[in-house]
Amino acid sequence: MTAEYDSSSDLSDLLPLRKLAKELEAKGIATPHQMNWWLRFRDVNGLLDCGAVSEVRGSPHTKRPTLYARRSRFIAWLSGDAARAA
């Protein structure tokens, strides 16, 4: 029995959200204020649903999760291509 490769488990595109935010700011794509706004409403605007942002909690008692971004899906979400993001 061989295990099939699942591309969603590839971690090469995953990075801390702060790093992606700095890249987007440096390229003039998004300001810190815009990023904060998008992330504040991530459960409504589709960032969580399309997998562009992942929440990781160190323990069940952690109030705020650590946020990670999947670069390709975040860029697809920004460009309005929800089908490609998912």
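These numbers come from the heavy atoms of this one structure, side chains and all, not from hydrogens, waters or symmetry mates.
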### Query
For S59, which residues count as a side chain to side chain contact (heavy atoms under 4.5 Å, CB included) partner, sequence neighbours excluded?
H61, T62
### Message
Quick check for you: to the nearest 0.5 Å, what is the distance between L78 atom CG and I29 atom CD1?
### Response
7.0 Å
### Task
With sequence neighbours excluded, give me every ring pair (Phe, Tyr, Trp, His ring centres under 6.0 Å) pair touching residues 39-59.
W37-F41
#### Entry: Pairs satisfying salt bridge (Lys or Arg N to Asp or Glu O under 4.0 Å), at least one member in residues 28-39, at least two apart
none
## Note on the structure
Sorted by chain and number, sequence neighbours left out, side chain to side chain contact (heavy atoms under 4.5 Å, CB included) with P65 holds for R42, E55, R57, L67
### Task
Check side chain to side chain contact (heavy atoms under 4.5 Å, CB included) between R71 and all other residues, then give those that pass, not counting sequence neighbours.
D13, L15, L20, E23, I75
### Message
For residues 24-35, which residue pairs pass the salt bridge (Lys or Arg N to Asp or Glu O under 4.0 Å) check, not counting sequence neighbours?
### Response
none
### Summary
Value for OH (Y68) from CZ (R18), rounded to nearest 0.5 Å, stands at 10.0 Å
#### Entry: Pairing residues for A30 by the side chain to side chain contact (heavy atoms under 4.5 Å, CB included) criterion, not counting sequence neighbours
L24, Q34, M35, W38
### Task
Enter the distance from S54:OG to L17:CG here, rounded to the nearest 0.5 Å.
10.0 Å
### Query
How about W77 and V53: do any of their side-chain heavy atoms sit closer than 4.5 Å?
no
